[in-house]
Protein chains: 2
Amino acid sequence: MNVTIKDVAKKANVAPSTVSRVIADNPRISKETKERVWKAMEELGYYPNAIARSLASKVTNTLGLIMPRSTEEAFSNPFFPEVMRGISVVAHREKYDLLLSTSGNQEEEKEAVINMVKGKRVDGIILLSSRTTDELIPWLRDEGFPFVVIGKPLDAKSVYWVDNDNIGAAKLATNYLIKHGHREIAFISGSLEYVVSLDRLDGYKLALEENGIPFKRELAEQDEFSEDGGYRAMMRILEREEPTAVVVTDDVMAFGVIRAAIDKGYKVPDDISIIGFNNIPLSAFANPPLTTIDISTFDLGIKSAELLIARLKQKEVDTDHIIVPVKLVERKSCVAR
Amino acid sequence: MNVTIKDVAKKANVAPSTVSRVIADNPRISKETKERVWKAMEELGYYPNAIARSLASKVTNTLGLIMPRSTEEAFSNPFFPEVMRGISVVAHREKYDLLLSTSGNQEEEKEAVINMVKGKRVDGIILLSSRTTDELIPWLRDEGFPFVVIGKPLDAKSVYWVDNDNIGAAKLATNYLIKHGHREIAFISGSLEYVVSLDRLDGYKLALEENGIPFKRELAEQDEFSEDGGYRAMMRILEREEPTAVVVTDDVMAFGVIRAAIDKGYKVPDDISIIGFNNIPLSAFANPPLTTIDISTFDLGIKSAELLIARLKQKEVDTDHIIVPVKLVERKSCVAR
DNA sequence: CACCTAGATGAAACCGATTGCATTTCTTCT
DNA sequence: AGAAGAAATGCAATCGGTTTCATCTAGGTG
């Protein structure tokens with residue numbers, strides 16, 4: 001079998017407990033003993049069993065990542081790799097590994113979280129997005145398990161979260177269009193199940209209101225977070241309305257929106273201006289290059305991991321949420337009216 | 001504390017071992033006992049501790065993913081999310097979770113693998129790419145640990161791997177340019193440390209040779225796998241040569257190559273044709289839309305996970321490697337000469 | 001009726017660590 | 001010199017399961 005702590009102990013003529021203390025660099029062990037044990041470990045090629053260690057110490061040095069929808073789907077929107085990139089930077093710095101559960105739907109997602117938490121497989125969890133109907137957040141909160149949510153939850157009471165100011169961001173986008181003379185502005189988002197969609201819809205409405213433009217229900221559509229989703233939503237709008245501009249809360253969807261506009265015989269941006277969200281790498285290269293709200297996806301990842309780890313290290317953290325700033329990136333998909 | 005198997009045992013009036021067997025649905029336990037135990041589990045809200053289970057059974061139901069370079073860097077090339085997408089589909093289907101180690105360099109990468117293997121944290125490992133100087137592959141092989149490599153290793157003896165036919169793919173790309181009348185064809189790849197770069201360079205040379213075009217060392221450049229890397233490599237070439245076409249082994253790099261060409265006053269594709277590799281989502285939207293070799297990144301992920309899990313389930317698998325087909329996607333970045 | 005066998009369950013060792021408490025050996029102080 | 005305290009280390013319980021082997025019961029057989 002493999003070399004265990006007992007083998008090392010035997011070789012170094014000490015008790016297993018002493019070896020354990022040497023590994024932890026416990027100051028109560030004398031220099032000489034430590035050296036002897038280190039030598040034995042070296043000679044035997046000993047490496048501690050992380051599983052056994054976790055079982056005894058109840059610490060895994062692992063962070064759980066929960067993707068929304070299916071893991072498969074998540075990876076196809078550049079948003080998620082980018083936030084994972086941020087998370088991985090911090091995780092690496094703080095010596096945490098990442099456990100990805102691979103769920104396929106909301107039911108399995110719950111299952112996955114329970115498995116992680118009850119199965120004691122991770123020290124904390126990052127939820128990569130919050131649904132309004134999320135049972136996970138109340139469950140985790142009641143369970144007293146450390147977690148942070150990317151995206152402000154509907155009920156943010158005693159939960160840690162990281163997000164942009166989505167209402168402000170949507171206002172920013174909408175105002176930009178209004179300032180350019182648009183008044184028939186459509187709004188396309190992902191499902192209103194997601195808090196982020198709700199917030200951005202609110203921001204959109206607010207901007208309209210502040211500028212004395214009545215909100216028209218027919219100009220707002222939702223569909224899934226994909227190119228096709230954007231296409232379908234835009235098609236539905238164009239069948240009944242003639243917007244001169246549209247706010248799309250996801251760049252990938254925005255590509256579908258552009259495609260739909262073109263299919264219907266409109267020119268972008270000449271006939272219809274489009275502003276997106278997320279500033280994914282693709283956006284700069286799109287045709288036309290997409291004007292978009294940069295939500296600092298990478299920082300969302302960084303901050304969420306930092307917040308979680310801070311929470312893990314001390315019981316209480318002073319701030320329970322972090323707002324990551326956004327900025328408007330002006331390119332070529334919007335023109336003045 | 002949490003409810004454990006002992007609590008369930010007590011409540012159901014059986015021994016812990018019986019509960020364990022019920023969990024495993026062991027046929028040697030009578031229907032009645034099973035029902036009684038299930039009821040107890042239900043009532044107590046019992047959930048097995050995955051860590052303890054792993055320790056005893058030496059099975060984790062987890063696959064380890066090792067990224068090349070830093071995890072951070074990997075996530076910024078769309079290739080990796082896409083292969084992970086493939087992996088996650090299979091992992092989900094087969095009920096495996098994914099453990100990502102977050103290493104920053106080659107040294108840490110080795111450390112990460114040792115930690116996963118010796119720490120018994122995963123059942124198998126997928127290496128997301130193979131370096132020529134990789135110590136990992138011989139180490140894992142000697143250790144007898146199940147793993148599969150994406151990218152044919154230099155020494156493929158008794159290692160499982162999944163890859164495209166990279167020589168053939170590069171020939172395909174180069175021949176395509178030759179057929180369009182190009183003879184001054186440059187070749188830009190990532191570091192020759194990667195087997196994939198080496199293979200593609202060979203394919204490029206082969207195509208030249210078969211068409212009686214002499215290989216010019218000055219037309220081949222390497223740099224890092226990024227937009228900037230492509231830019232720098234192309235700049236170096238343009239300072240001494242005047243290619244009419246270039247084969248770039250990565251679409252992201254190809255964008256840099258295009259930028260360099262434009263900065264030097266060339267038009268793409270009119271003055272210089274460019275063919276890329278990978279067919280990342282961005283490529284279709286680039287300006288000009290990129291002609292590229294589609295290497296079926298998603299399938300690379302699928303196949304590697306399937307191969308690993310097959311290996312995990314039976315000791316030996318009939319095939320030790322899988323070749324994923326490629327195809328040329330013709331868009332607008334190449335013109336006839 | 002004694003014996004054997006199959007089926008159901010339990011007892012206890014084990015997986016490989018960590019940790020609270022006990023023990024031993026020195027110092028040091030009065 | 002004896003007691004007290006500090007320093008170094010060991011013992012054994014524990015974490016929460018799995019698994020081997022033994023035990024017990026009941027039914028079948030000659």
Side-chain angles (χ1 to χ4, degrees), chain A residues 1-41 44-62 114-123, chain B residues 1-41 44-62 114-123:
Chain A
M1 221 11 242
N2 239 303
V3 27
T4 75
I5 205 170
K6 281 175 195 160
D7 303 322
V8 177
K10 202 165 295 172
K11 176 137 192 159
N13 253 309
V14 295
S17 49
T18 302
V19 178
S20 173
R21 293 194 177 97
V22 172
I23 294 171
D25 207 18
N26 188 316
R28 295 163 35 139
I29 303 293
S30 71
K31 197 89 190 153
E32 301 82 55
T33 307
K34 275 186 185 173
E35 237 125 57
R36 194 149 35 87
V37 172
W38 279 329
K39 188 153 155 277
M41 298 196 321
L44 293 170
Y46 169 75
Y47 211 90
N49 180 320
I51 297 284
R53 190 203 283 256
S54 294
L55 179 59
S57 67
K58 302 182 175 320
V59 170
T60 62
N61 280 304
T62 304
I114 294 181
N115 181 37
M116 278 189 179
V117 173
K118 295 282 199 171
K120 303 277 186 293
R121 302 191 55 177
V122 299
D123 297 340
Chain B
M1 221 12 244
N2 240 304
V3 29
T4 75
I5 204 171
K6 282 174 195 159
D7 303 322
V8 177
K10 201 164 295 170
K11 175 136 193 160
N13 254 310
V14 294
S17 48
T18 301
V19 177
S20 175
R21 291 195 180 97
V22 172
I23 293 170
D25 205 17
N26 188 316
R28 296 165 32 138
I29 303 293
S30 71
K31 198 87 191 156
E32 301 80 56
T33 307
K34 276 186 185 171
E35 237 124 57
R36 193 149 36 88
V37 172
W38 279 328
K39 185 152 158 276
M41 298 196 321
L44 293 170
Y46 170 75
Y47 211 90
N49 180 319
I51 297 283
R53 190 204 284 256
S54 294
L55 180 59
S57 67
K58 301 180 177 321
V59 169
T60 62
N61 281 304
T62 304
I114 294 181
N115 180 38
M116 279 189 180
V117 174
K118 295 280 200 173
K120 303 276 185 292
R121 301 192 55 178
V122 298
D123 296 340

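Side chains included, hydrogens not; waters and symmetry mates left out as well; all remaining heavy atoms used.
- At whole-Å resolution of the value, CD1 in B/Ile5 and P in C/dG10 are 12 Å apart.
- Here the shortest heavy-atom pairing between B/Ala9 and B/Pro16 reads CB-N, 3.6 Å.
- Rounded to whole Å, atom P of D/dG16 lies 12 Å from atom CD1 of B/Ile51.
- In this structure, A/Ser57 and B/Leu55 both approach DNA chain C, and ranking their closest nucleotides by distance from the 5' end singles out B/Leu55.
- Between B/Arg53 and D/dT18 there is a side-chain N or O to OP1 or OP2 distance below 4.0 Å.
- Within residues 12-38 of chain A, the residues approached by DNA chain D to less than 4.0 Å at the level of any non-hydrogen atom are A/Asn13, A/Val14, A/Ala15, A/Ser17, A/Thr18, A/Arg21, A/Arg28, A/Ile29, A/Ser30, A/Thr33, in residue-number order.
- No side-chain heavy atom of B/Tyr46 sits under 4.5 Å from any side-chain heavy atom of B/Asp7.
- If you check D/dG17, D/dT19, C/dA17 against the side chain of A/Tyr46, the one that comes closest is C/dA17.
- One can place NZ of B/Lys120 at 19 Å from P of D/dT18, the figure rounded to the nearest angstrom.
- Atom CE in A/Met41 sits about 14 Å away from atom C1' in C/dA17, given to the nearest Å.
- The minimum heavy-atom distance linking B/Ile29 with B/Arg21 is given by the pair CG1-CB, 3.7 Å.
- For B/Asn49 and D/dG16, the CG to P distance is 6 Å, given to the nearest whole Å.
- Taking 4.0 Å as the cut-off between side-chain N and carboxylate O, B/Lys58 and B/Asp123 do not count as a salt-bridged pair.
- What separates NZ of A/Lys10 from P of C/dG16 is a distance of 13 Å, to the nearest Å.
- Side-chain contact check for A/Ile5 versus A/Pro48: every heavy-atom pair is 4.5 Å or farther apart.
- Considering only heavy atoms from C-beta on, B/Leu55 stays 4.5 Å or farther from B/Lys120 through its side chain.
- Across its full length, the helix from C/dC1-D/dG30 to C/dT30-D/dA1 shows an angle of 60° between the axes of its 5 terminal pairs at either end, rounded to 10 degrees.
- We find that NZ of A/Lys6 is positioned 13 Å from P of D/dA12, with the value rounded to whole Å.
- Residue B/Lys34 qualifies as enclosed at atom NZ: its count of foreign heavy atoms under 6.0 Å is above 12.
- The separation between B/Asn61 atom CG and D/dG17 atom P is 16 Å, rounded to whole Å.
- Between A/Tyr47 and B/Asn115 the shortest side-chain heavy-atom distance falls below 4.5 Å.
- At distances below 3.5 Å, at least one donor-acceptor pair connects side-chain atoms of B/Thr62 with backbone N or O atoms of B/Thr60.
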